[in-house]
Amino acid sequence: MTLHELISTRVAAALAAVGVPDAPAAVAPASRPEFGDYQANGVMGAAKKLKQNPRELAGKVIDALDLAGIASKIEIAGPGFINITLDDGFLAAQVARQHGDVRLGAGTDVMQKVVIDYSSPNLAKEMHVGHLRSTIIGDALARVLRFMGHEVIAQNHVGDWGTQFGMLTAYLVEREEDGSDDMLALDDLEGFYRAAKLRFDEDEAFATRARDYVVKLQSGDVRVRALWERFLDISLTHCEAVYARLGVQLTRDDVMGESAYNDDLAPVVADLKAKGLVTESEGAQVVFLDEFKNKDGEPQAYIVQKQDGGFLYSTSDLAAARYRADKLKADRALYVVDARQGLHFQQVFTVARKAGFVPADMQLEHVAFGTMMGEDGKPFKTRSGGVVKLAELLAEAEQRAFDLVSSKNPDLDEATRRQIARVVGIGAVKYADLSKHRTSDYVFDWNTMLSFEGNTAPYLQYAYTRIASIFRQAGEFDAHAAIRITEPAEHQLALQLAQFPELLQQVAADTCPHFLCAYLYQLATKFSRFYEACPVLKSEGDVRASRLALCAATAKTLSTGLGLLGIEVLEAM
RNA sequence: GCGCCCGUAGCUCAACCGGAUAGAGCAACGGCCUUCUAAGCCGUAGGUUACAGGUUCGAUUCCUGUCGGGUGCGCCA
């Protein structure tokens with residue numbers, strides 16, 4: 001049970017004891033240090049219901065409130081707040097117990113099977129900044145849920161199907177016939193795509209061949225299919241290089257592209273028809289949804305099959321939803337996809353439920369995120385207006401970090417500085433993204449991100465290296481020695497550590513990694529204050545042992561927390 | 001036209017089913033390195049939470065309207 005749950009339970013019991021059993025306890029971390037550690041705000045609402053004086057009711061609640069051995073101080077404040085200060089001994093024990101647990105006390109009681117659809121790049125092109133958010137938000141959520149004990153099934157729903165692959169395979173053949181080194185050309189997927197598109201637009205014969213290749217690909221022509229597979233292999237290799245550099249855990253086993261659902265598309269439409277959900281309209285097969293209105297105020301059309309018989313992503317998304325329910329047996333399915341597809345997913349979810357493709361108790365959630373903007377407030381582009389390749393973005397991050405490391409620590413050898421730069425640079429990019437609320441558009445700014453000061457990944461990494469440095473000089477010590485809290489800075493640090501489980505619960509429930517970032521930033525800040533106020537190595541005996549144990553718990557929580565964001569820590573920087 | 005999201009300090013962002021004096025970082029100014037890494041710590045200054053109403057003990061949060069921005073809405077994904 002988390003601290004928050006524990007206190008909520010006790011306050012709720014006290015409220016019940018004074019005659020308001022259904023009143024929410026409304027327990028929250030205290031908004032200010034002078035209000036203690038937690039505050040219960042439920043009394044005011046309850047008093048209203050009972051038409052009683054809130055401060056009087058608060059008094060009764062406090063009399064009934066059993067926090068023996070948990071709180072050292074309980075006070076009424078303001079119009080009826082109950083401020084709770086936790087007992088130092090209790091807090092110390094809580095930190096110790098958590099530190100001894102492999103899940104740091106955050107293991108879940110209710111294990112779920114969670115499908116997470118994320119990254120999902122279009123394999124026709126090279127990965128660009130547009131794929132960054134889905135990839136790292138999804139990766140962070142996957143790590144958090146796994147850490148808590150859930151079973152996570154990653155699904156990389158890559159774009160590996162459609163007309164563009166006819167064009168690309170046709171161009172691949174042409175290059176080979178020219179005797180060009182296609183592997184060389186494919187080294188620059190983006191350039192290859194542009195060149196193919198140019199041929200397609202300019203040469204009618206080529207365009208015809210490309211369309212022919214689409215047909216052949218879809219009818220299972222062996223030669224075109226082999227070309228297509230080769231193309232996908234190369235493209236996936238590019239993705240894997242980016243994943244490796246980013247430290248994202250996706251592998252080929254997680255790839256479940258659009259093409260994987262090909263054989264399911266016709267049956268999906270047939271099933272929809274059988275259930276009477278489909279209407280033919282202007283030659284297309286359409287599901288009309290009363291839940292959504294179109295521009296004329298009529299039920300919105302959701303096309304599942306084009307008039308030429310072709311299927312759309314609306315169809316494959318339905319097939320995927322069914323697969324995740326039937327085959328994967330998911331309890332919860334997360335779609336880490338751009339917020340602009342919000343309406344689309346509402347439609348997918350609605351149709352999937354109406355058709356019985358997913359059971360009523362399976363959670364379907366669109367984990368929407370906003371757009372990455374440039375400093376001009378417009379979608380992030382290169383100076384010339386092109387897309388920014390992810391590989392280039394990461395290279396720049398590492399280079400900028402290298403320059404900074406070199407200026408801060410010129411004595412380190414280059415290999416070490418490169419290594420630090422890699423961890424710091426990549427961490428900074430990821431943290432800058434993950435620390436923002438995912439639903440909002442955010443401005444990508446090198447200067448803010450790589451100032452490496454304040455609320456950035458390097459600040460957190462730096463806090464960790466300071467602890468690591470202490471350990472190097474401490475000699476032998478017991479990381480699990482008894483913690484004895486005496487200083488305010490120790491109390492604040494221990495409290496923060498003890499809140500790790502409830503924080504992770506929030507991240508998992510709301511699929512918001514930025515909660516974890518904010519938490520870790522707070523943790524690092526509280527550690528830094530402790531570091532300034534409480535000498536560790538200079539102290540002696542039990543105090544020294546206790547502070548070393550606090551350091552150990554902090555280091556563990558910082559590295560674990562950053563690890564859940566997909567960010568590494570360093571022993572020195 | 002309708003739907004969804006947003007508008008918070010000069011800039012970038014927070015604010016946990018409505019809670020106390022709206023918090024951080026950057027930038028600005030002022031302190032702290034014979035003491036565990038100063039990528040740090042402490043302090044000062046900075047706000048009519050776009051605007052106008054409403055709901056209530058209490059509103060950045062909920063409701064209505066206005067203005068401003070973004071995005072989406074039948075055969076791309």
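Bear in mind the structure is a predicted one, so any value in this text is a computation, not a measurement. Below, read A as the first sequence line, B as the second, and so on, with proteins coming before strands; counting in each chain starts at 1.
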Looking at side-chain heavy atoms only, is the closest gap between A/Leu272 and A/Leu318 below 4.5 Å?
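Heavy-atom side-chain distance check passes, below 4.5 Å.
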Protein-nucleotide distance ([X], atom [atom1]; [N], atom [atom2]), rounded to Å:
X        : N      : atom1 : atom2 : answer
A/Arg32  : B/rG19 : CZ    : C1'   : 13 Å
A/Gln522 : B/rA24 : CD    : P     : 8 Å
A/Ile82  : B/rA20 : CD1   : P     : 16 Å
A/Phe292 : B/rC73 : CZ    : P     : 14 Å
A/Glu571 : B/rC36 : CD    : C1'   : 15 Å
A/His366 : B/rC5  : NE2   : P     : 13 Å
A/Asp445 : B/rC26 : CG    : C1'   : 10 Å
A/Met373 : B/rC5  : CE    : P     : 17 Å

Phosphate contact ([N] OP1 or OP2) by [X] side-chain N/O below 4.0 Å:
X        : N      : answer
A/Lys538 : B/rC36 : no
A/Tyr459 : B/rC41 : yes
A/Arg340 : B/rC73 : no
A/Gln473 : B/rU37 : yes
A/Arg529 : B/rC42 : yes
A/Thr371 : B/rC6  : no
A/His514 : B/rA15 : yes
A/Arg466 : B/rA38 : yes
A/Tyr313 : B/rA77 : no
A/Ser469 : B/rU37 : yes
A/Lys293 : B/rG1  : no

Under the criterion side-chain hydrogen bond (donor to acceptor under 3.5 Å, both in side chains), I'd like the reasoning laid out for A/Glu490 against A/Thr486: C-alpha separation, chi angles, the key distance, then a yes or no.
CA-CA 7 Å; A/Glu490 292 175 314; A/Thr486 56; 3.1 Å; yes
Can you tell me, in whole Å, how much space there is between the [atom1] of [N] and that of [M]?
N      : M      : atom1 : result
B/rU8  : B/rA22 : C1'   : 8 Å
B/rA50 : B/rU56 : C1'   : 24 Å
B/rA9  : B/rU55 : P     : 28 Å
B/rG18 : B/rG58 : C1'   : 8 Å
B/rA15 : B/rC62 : P     : 13 Å
B/rU35 : B/rG43 : P     : 23 Å
B/rC17 : B/rC63 : P     : 15 Å
B/rG23 : B/rC5  : C1'   : 24 Å

For A/Met256, what residues pass the side chain to side chain contact (heavy atoms under 4.5 Å, CB included) criterion, not counting sequence neighbours?
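Only A/Gln155, A/Ala260, A/Tyr261, A/Tyr323 meet the side chain to side chain contact (heavy atoms under 4.5 Å, CB included) criterion with A/Met256.
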Please figure out whether A/Ser528 or A/Lys436 has its closest RNA chain B nucleotide nearer the 5' end.
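Mapping each residue to its closest nucleotide by heavy atoms, the 5'-most match is A/Lys436.
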Map A/Ala284 and A/Phe81 onto RNA chain B by nearest heavy atom, then report which one ends up closer to the 5' terminus.
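Closest to the 5' end, via its nearest nucleotide, is A/Phe81.
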Fit a plane to each ring of A/His131 and A/His128, take the angle between them on a 0 to 90° scale, and name the class: parallel (under 30°), tilted (30 to 60°) or perpendicular (over 60°).
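The rings of A/His131 and A/His128 sit tilted, inter-plane angle from 30° to 60°.
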Ring-plane angle category for A/Trp161 and A/Trp228, please: parallel below 30°, perpendicular beyond 60°, tilted otherwise.
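Aromatic pair A/Trp161/A/Trp228 classed perpendicular.
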Considering only side-chain heavy atoms of [X], which listed nucleotide, [options], is closest?
X        : options                : value
A/Lys306 : B/rC75, B/rC36, B/rG19 : B/rC75
A/Glu453 : B/rC73, B/rC75, B/rA27 : B/rA27
A/Glu258 : B/rA77, B/rA39, B/rA20 : B/rA77
A/Tyr462 : B/rA77, B/rG74, B/rG40 : B/rG40
A/Pro29  : B/rA20, B/rC16, B/rG70 : B/rC16
A/Ser31  : B/rG40, B/rA20, B/rU12 : B/rA20
A/Glu532 : B/rG40, B/rG74, B/rA38 : B/rG40
A/Tyr521 : B/rA24, B/rC36, B/rA77 : B/rA24
A/Pro24  : B/rC17, B/rA39, B/rC76 : B/rC17

Measure from NZ or CZ of A/Arg466 to the centre of the six-membered ring of A/Tyr531, then state whether that distance is under 6.0 Å and the direction lies within 45° of the axis.
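The answer is yes; both the distance and angle limits are met.
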Any chance you could lay out the side-chain hydrogen bond (donor to acceptor under 3.5 Å, both in side chains) test for A/Ser469 and A/Gln473, step after step, and finish with the verdict?
CA-CA 7 Å; A/Ser469 180; A/Gln473 295 165 68; 3.1 Å; yes
Report, as yes or no, whether the 6.0 Å neighbourhood of atom NZ on A/Lys73 holds more than 12 heavy atoms from other residues, nucleotides or ligands.
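It does not: A/Lys73 NZ has 12 such atoms or fewer within range.
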Can you name the nearest heavy-atom pair linking A/Ser314 to A/Val304, along with the distance?
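Residues A/Ser314 and A/Val304, closest heavy atoms: OG-CA, 3.9 Å.
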Check A/Glu540 with A/Arg547, please: is the shortest side-chain N to carboxylate O separation under 4.0 Å?
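Result for this pair is no, no salt bridge flagged.
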Hey, is A/Lys197 close enough to A/Asp201 for a salt bridge, meaning N to O under 4.0 Å?
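Judged by the 4.0 Å cut-off on N to carboxylate O distance, A/Lys197 and A/Asp201 do form a salt bridge.
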Examine [X] together with [Y] and report whether their ring centres are nearer than 6.0 Å.
X        : Y        : answer
A/Tyr462 : A/Tyr459 : no
A/Tyr302 : A/Phe288 : no
A/His157 : A/Tyr335 : no

Dot-bracket encoding per residue of RNA chain B, Watson-Crick/G-U cut-off under 3.5 Å, | denoting interstrand:
(((((.(..((((.....[...)))).(((((.......))))).....(((((..]....)))))).)))))....
Within the modelled atom types, does a donor on one side and an acceptor on the other bring the side chain of A/Gln164 and the base of B/rC76 under 3.5 Å apart?
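Answer is no: no donor-acceptor pair is held.
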Donor-acceptor pair present, A/Asp317 side chain and B/rA77 base, under 3.5 Å:
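Side chain to base: no pair below 3.5 Å.
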Identify whether the glycosidic angle of B/rC11 places it syn (within 90° of 0) or anti.
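It is anti.
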Using a cutoff of under 3.5 Å, can you pull out all pairs of nitrogen or oxygen atoms linking the protein to nucleotides 8-10 of chain B, with atom names and distances?
none

